[in-house]
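Take a look at the structure set out below.
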Number of protein chains: 2
Amino acid sequence: MTAVKIGVIGAGTVAGGVFHVLLRNQAEITRRAGCKLHIVAVSSRTRSKIDNLLTTLNANDVEVVADPFAVVRNPNIEVVCELIGGTTLARELVLEAIAHGKHVVTANKALLAVHGNEIFAKAREKGVIVAFEAAVAGGIPIIKAVREGLSANRIQWVSGIINGTTNFILSEMRSKGLDFGTVLAEAQRLGYAEADPTFDVEGVDAAHKLTLLSAIAFGIPVQFDKAYTEGITKLTAQDIRYAEELGYRIKLLGITRRHPEGVELRVHPTLIPSKRLIANVEGAMNAVLVKGDAVGATLYYGAGAGAEPTASAVVADLVDVTRLLNADPSHRVPSLAFQHDALDNAPILPISEVHTAYYLRIRVADQPGVLADITRILADQQISLDAVLQKEAELFEPASQGVAQTDLILLTHQTQEKLMNAALEKIQALSSVLAPVTRIRMEELN
Amino acid sequence: MTAVKIGVIGAGTVAGGVFHVLLRNQAEITRRAGCKLHIVAVSSRTRSKIDNLLTTLNANDVEVVADPFAVVRNPNIEVVCELIGGTTLARELVLEAIAHGKHVVTANKALLAVHGNEIFAKAREKGVIVAFEAAVAGGIPIIKAVREGLSANRIQWVSGIINGTTNFILSEMRSKGLDFGTVLAEAQRLGYAEADPTFDVEGVDAAHKLTLLSAIAFGIPVQFDKAYTEGITKLTAQDIRYAEELGYRIKLLGITRRHPEGVELRVHPTLIPSKRLIANVEGAMNAVLVKGDAVGATLYYGAGAGAEPTASAVVADLVDVTRLLNADPSHRVPSLAFQHDALDNAPILPISEVHTAYYLRIRVADQPGVLADITRILADQQISLDAVLQKEAELFEPASQGVAQTDLILLTHQTQEKLMNAALEKIQALSSVLAPVTRIRMEELN
């Protein structure tokens, strides 16, 4: 039986998962692939961890090298698995691997969201594959579903919970009524959040993944720099509770939608109806909704991170690459799902152009005419209301400045963000509005 | 630009969907496939319907023939789309198409569940593809997910709502408290159920689909004749209500699970915890849970039937076939996901060997000692209880035969079906048990 020779760059969590899965399931994988997937070399900055792993797995035939460039230049290696993350060294290594005619499998969303256009172009020139199932939603085969499974469709939108850390935090905030800071600390203790959680909680990681989904859904270049990104750090337990009272859950969603004028590409906290399946995705799990014109709405759910779920996607890519290793490139699915000469130059719409509905929480003085003033301002911008919830004044913190306060919660119908911005500016200027207005976008997802 | 020449057999609902999707999305599909998918001929027993369709779609270049064999023998055609259903004529046509060296795309679950081994063997001999994404769960790309997306995993089990008609009926029974017959009549009126609903409501259609999922999940031949099949016709609104009180929903599930001793392959009504996402799949929608050893549980949700969702899967297969039309067969994914010489001969376990938990509803005389007698019988078979719900006697129909009656509802822990059968025989023989015991299997799906 022939063997495909694989080189792994990196010896961290995901690389460990790849070793474990590939060796544990070698017989099953070989039954599928028809040939053996053989890791011949791995690069690691330090020896001890990788040596322990290889000893544990009885993998005596894997060469360990310190220099990752020794892997990408190794003439014996046919496929390079890039698992170090980051966008600088990883870019150099991937480009060098491609230049040496090697296929590449990567889990690196940041790399492809930022440098994907360059990398895919070089890969096409050299006739090699760059596969990245593991870069989005971990073990869920969402890249394959969108790129191949839904290829009959004109895809209308994709909307997903694609960051497990923030979904864990939001789930805990909701179920336990805790605030963001408390839950973040708990998530860090449990290993669900990094010591520096910025990329996750500010939505950057989700925006990287959404950029890739948007490209393969609509056939456009990756354009991470145009994505609108808003994290969950300012969400309060109170907003989560009010949303629940109104029949909604708050999730950090990545949303990309095609319009005649361009493509929406946005990550932000979003109210979604509690009855939707995706609203009930809890903890660190991921789920992606894809709406196609023929198939309707489809949902894909699973573990979005973790060593073995991510390895599941990496190894599935390795099997795919193995099948098409020496095939004519015309037999392969293009990296971005569409033929490279058929990519669309539709612009990414700025957030001010986006149409969506809104949840507004307005802390007001409990006095006559406030609701009339606010709803008049909204009406002047052609914004109509879907629901109003006025809390009893006595339920809230004691009167300050001699004025009783209350929270006014409004749900609007769809409008354009710039109209909402104009309305909010006027609402904020009302003397009866006592604090910065909280504004959270809302999607029906149907 | 080159074009792939497709022949369609059948002019029913799904064929109509394929024409609509392929023509409406031709530009988008061509952007992906890199070549045009061109239907050159269609066979139809009657002219008027297909003529109307082609006129509507402005598809003047499609040849309409009465004889389906004229399509499969047409030397100009490269891919045959079999969309007539059934297992007799469809089998002859598919085998004839293969004999003529044509690739086949089919939505015919019954055909492949019953004659798949023969058909896949002939296809392999001739080096052609038989693709069948549309045969399971309509537009959900579940075949691709299991066959390719999860190829790194040793799959442990697959469990799915794979018949929309029965899920619609069960959803309506639950939400409206109606009985089976009433909802079936409504479903027939709405077009969700056929005039003869036997294949759907008796679980046969689900068993066809499950047979295919089982084969591609575990690498075994299709063995529909060994599947255990139990429909929903005997379910009562009362059982659905009791299940709900205990925190469960009843769904018709197809379940296939691998054990060291063999493979479970069973379709039956099943209690599942209400909090599981799959328990909340309502109406005619489908959803499939797949548990892999690396990825954990993943869920795939979408429309399981209907013209356009099914066409979405058919056309996705056409795009896949188009890419690999003239490729060496080694570049293709094997029909049953595993190399043909690596199929496993694990036996399908008879239902008596299956391990599962149970919901029991026992109509008993409301007298002392009844619960003790029943639980003693269960204990003697090593069956332990998870929950007991005894309804107040006065809530039920008036006393008959001078004895007040009540319903005793028991949830058991996992046991083997043959032990439960032995216990039920003894319970049924108790003089205090007044009616046939209702037994519904129960799965945690975690």
Side-chain angles (χ1 to χ4, degrees), chain A residues 17 20-22 24-25 28-34 133 138-141 144-145 148-154 219 277 280-281 287 292-303 306 308-309 311-316 318-320 323-324 327-328 330-334 337-339 342 344, chain B residues 17 20-22 24-25 28-34 133 138-141 144-145 148-154 219 277 280-281 287 292-303 306 308-309 311-316 318-320 323-324 327-328 330-334 337-339 342 344:
Chain A
H20 273 282
V21 170
L22 212 44
R24 183 178 72 230
N25 290 347
E28 193 83 344
I29 293 166
T30 305
R31 284 178 68 206
R32 297 183 196 260
E133 184 62 79
I140 308 171
K144 185 173 282 286
E148 304 171 37
L150 304 181
S151 61
N153 291 265
R154 189 167 164 88
L277 281 189
N280 294 283
V281 170
D293 67 340
V295 75
T298 56
L299 179 87
Y300 308 84
Y301 164 91
E308 293 229 349
S312 171
V314 169
V315 174
L318 287 171
V319 173
D320 280 359
R323 289 197 209 285
L324 295 168
D328 185 272
S330 70
H331 296 320
R332 300 173 188 152
V333 184
F338 292 75
Q339 303 294 319
D344 194 1
Chain B
H20 273 281
V21 170
L22 212 42
R24 183 179 71 232
N25 291 346
E28 193 83 344
I29 293 166
T30 305
R31 284 178 69 206
R32 296 182 196 261
E133 184 62 79
I140 309 171
K144 186 173 282 284
E148 305 171 37
L150 304 181
S151 61
N153 291 266
R154 189 167 166 87
L277 280 189
N280 295 283
V281 170
D293 68 340
V295 75
T298 54
L299 179 86
Y300 308 84
Y301 164 92
E308 293 229 348
S312 171
V314 168
V315 174
L318 288 171
V319 172
D320 280 358
R323 288 197 210 286
L324 295 167
D328 185 275
S330 70
H331 295 321
R332 301 174 187 152
V333 184
F338 291 76
Q339 302 294 320
D344 194 2

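Here is how names work: the chains are called A, B, and so on, in the same order as the sequence lines, proteins then strands, and each is numbered from 1.
- Counting only heavy atoms from C-beta outward, the side chains of B/Leu299 and A/Val281 never approach each other to under 4.5 Å.
- Per-residue heavy-atom pair counts under 4.5 Å with chain B were compared for A/Ile140, A/Val333, A/Asp344, A/Val319, and the maximum is reached by A/Val333.
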*Dump the intermediate steps for side chain to side chain donor-acceptor pair (under 3.5 Å) on A/Asn280 and B/Asn280, then the final yes or no.*
CA-CA 9 Å; A/Asn280 294 283; B/Asn280 295 283; over 6 Å; no

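- Interface remark: B/Leu22 contributes no atoms to any contact with chain A (heavy atom separation under 4.5 Å).
- Of all heavy-atom pairs spanning B/Pro141 and A/Ala145, the tightest one is CG-CB, 4.2 Å.
- Heavy-atom distances place the backbone of B/Ala33, and not its side chain, under 4.5 Å from chain A.
- When B/Thr298, B/Leu277, B/Val315 are compared by the number of non-hydrogen pairs under 4.5 Å with chain A, B/Leu277 comes out ahead.
- Contacts between B/Val314 and chain A at a heavy-atom distance below 4.5 Å are absent for every atom of the residue.
- In this structure, the side chains of B/Asp293 and A/Arg24 come closer than 4.5 Å at one or more pairs of heavy atoms.
- In this structure, chain B has heavy atoms under 4.5 Å from both the backbone and the side chain of A/Asn153.
- The contact between B/Ala297 and chain A is made entirely by backbone atoms, counting heavy-atom distances below 4.5 Å.
- Heavy atoms of B/Glu148 lying under 4.5 Å from chain A belong to its backbone as well as its side chain.
- Across A/Ala294 and B/Ser312, no two heavy atoms sit closer than the pair CB-CB, 4.1 Å.
- Judged by distance alone, the side chain of B/Arg31 and the main-chain N or O of A/Phe338 form no donor-acceptor pair under 3.5 Å.
- Between the side chain of A/Glu308 and the backbone N or O of B/Val295 there is no donor-acceptor pair closer than 3.5 Å.
- Comparing B/Gly34, B/Gly17, B/Gly292 by heavy-atom pairs within less than 4.5 Å of chain A, the highest count is held by B/Gly34.
- Minimum interatomic distance between A/Arg154 and B/Glu28 (heavy atoms only, all atoms of both residues): NH1-OE1, 3.5 Å.
- Proximity to chain A is absent for every atom of B/Asp328, based on heavy atoms less than 4.5 angstrom apart.
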